[in-house]
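Below is one structure; the comments refer to it alone.
All figures in this text were calculated on a predicted structure; none of them were measured in a lab.
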Amino acid sequence: MHTWLMKSEPTAFSIQDLARAVKKTTHWEGVRNYQARNFLRAMQLGDEALFYHSNADPSAVAGIVKIVREAYGDSTAWNPKSDYYDPKASPDNPIWSMVDVQLLRIFPREIALEELRGIKSLVGMELLRRGSRLSVQRVTASQFRTIKSLATNNRVDAVG
DNA sequence: GCCAACGTTGGC
DNA sequence: GCCAACGTTGGC
């Protein structure tokens, strides 16, 4: 199993929106960056991803989702009415991919970006890199574990 | 293939 | 709302 981090602006789609969705599942549509798309394509059934609220107050990791369908063509790319429309894409040549994710858990408390920056074992994490913008990122197993335990353990020093 | 211009992301 | 960082576009 691999672990990932996926960003969403909560004003567009929050983890609470996912909790309300049918089967707590959604298409992760609209990724329009090649590196992020390639990560989507590398995802395998059962992989887990941190759900990150970007451009939020505060920006924070809010929970965990599971990949329940591997990459397939992102149909919003050939829908002229979609915000994510790409005239170069078509059903025969999707260009862009999406996966389906299902909510695993909403953390009892969010882990804000500022808090993550204070955790020694997370130094070097892609999310914390200056200028990091990638909306789908790889996360190491140990980074994933650290953040998961932070969410249920207030003793930050225990894992920092 | 270089690189300036432009658009977007996202923290602050 | 500002703006740094980054990716993409397109002229040459």
Side-chain angles (χ1 to χ4, degrees), chain A residues 2-21 26-43 47-65 67 71-101 103-140 142-144 146-151 154 156 159-160:
Chain A
H2 289 99
T3 47
W4 310 89
L5 179 144
M6 303 171 87
K7 295 183 186 175
S8 181
E9 302 198 13
T11 53
F13 189 81
S14 70
I15 201 166
Q16 289 77 22
D17 293 329
L18 181 56
R20 284 188 291 266
T26 191
H27 314 299
W28 203 270
E29 65 196 34
V31 169
R32 295 293 179 269
N33 168 285
Y34 284 104
Q35 198 182 348
R37 181 205 68 181
N38 292 344
F39 285 152
L40 290 178
R41 290 181 177 180
M43 289 176 170
D47 280 4
E48 293 183 11
L50 300 168
F51 193 120
Y52 179 77
H53 282 160
S54 61
N55 248 323
D57 188 20
S59 293
V61 179
I64 301 176
V65 297
I67 308 308
Y72 56 106
D74 181 347
S75 54
T76 64
W78 56 84
N79 175 3
K81 294 198 182 85
S82 169
D83 288 343
Y84 305 120
Y85 179 58
D86 179 348
K88 296 189 292 297
S90 68
D92 285 341
N93 180 27
I95 303 180
W96 303 109
S97 298
M98 59 184 175
V99 298
D100 289 359
V101 304
L103 182 64
L104 267 191
R105 60 190 295 214
I106 295 180
F107 286 156
R109 67 182 193 95
E110 296 191 343
I111 312 300
L113 183 62
E114 186 188 16
E115 181 174 351
L116 295 175
R117 289 196 192 282
I119 309 297
K120 279 197 187 112
S121 57
L122 295 181
V123 168
M125 185 178 175
E126 167 68 20
L127 182 73
L128 308 182
R129 243 194 56 239
R130 179 178 163 81
S132 161
R133 296 195 321 185
L134 206 54
S135 64
V136 180
Q137 307 178 356
R138 285 187 185 281
V139 169
T140 68
S142 98
Q143 290 165 348
F144 194 88
T146 297
I147 291 170
K148 211 165 138 180
S149 65
L150 275 172
N154 289 325
V156 168
V159 288

What is the distance, to the nearest angstrom, from the [atom1] atom on [X] to the [atom2] atom on [N]?
X: A:E115; N: B:dC12; atom1: CD; atom2: C1'; answer: 18 Å
X: A:L127; N: B:dC12; atom1: CG; atom2: P; answer: 10 Å
X: A:E114; N: B:dC12; atom1: CD; atom2: P; answer: 8 Å
X: A:L116; N: B:dG10; atom1: CG; atom2: P; answer: 15 Å

Exercise. Under 3.5 Å, is there a donor-acceptor pair between the A:D100 and A:Y72 side chains?
Worked result: yes
Exercise. With no hydrogens and no angle check, do the side chains of A:S82 and A:E29 hold a donor and an acceptor under 3.5 Å apart?
Worked result: no
Problem set entry | Check: A:Y34 ring centroid to A:W96 ring centroid under 6.0 Å | yes
Exercise. Are A:F51 and A:W4 an aromatic pair by the rule of ring centers under 6.0 Å?
Worked result: no
For this session: Select from A:K88 and A:R129 the residue whose nearest nucleotide in DNA chain C is closer to the 5' end of that strand.
Result: A:R129
Atom pairs, N/O to N/O, protein against nucleotides 1-9 of chain B, distance under 3.5 Å?
unit_1: B:dT8; atom_1: O2; unit_2: A:R133; atom_2: NH1; d: 2.6

Exercise. Counting only side-chain N and O atoms of A:S59, is one of them less than 4.0 Å from OP1 or OP2 of B:dG10?
Worked result: no
Seminar exercise, completed: dist A:I111:CD1 -> A:K148:NZ (nearest 0.5 Å) comes out at 13.0 Å
Exercise. Does any N or O in the side chain of A:R109 come within less than 3.5 Å of the main-chain N or O of A:L150, such that one atom is a donor and the other an acceptor?
Worked result: yes
For this session: Under 4.0 Å between any heavy atoms, over every strand shown, what does A:R32 touch: base, sugar-phosphate, or nothing? Just pick one.
Result: nothing
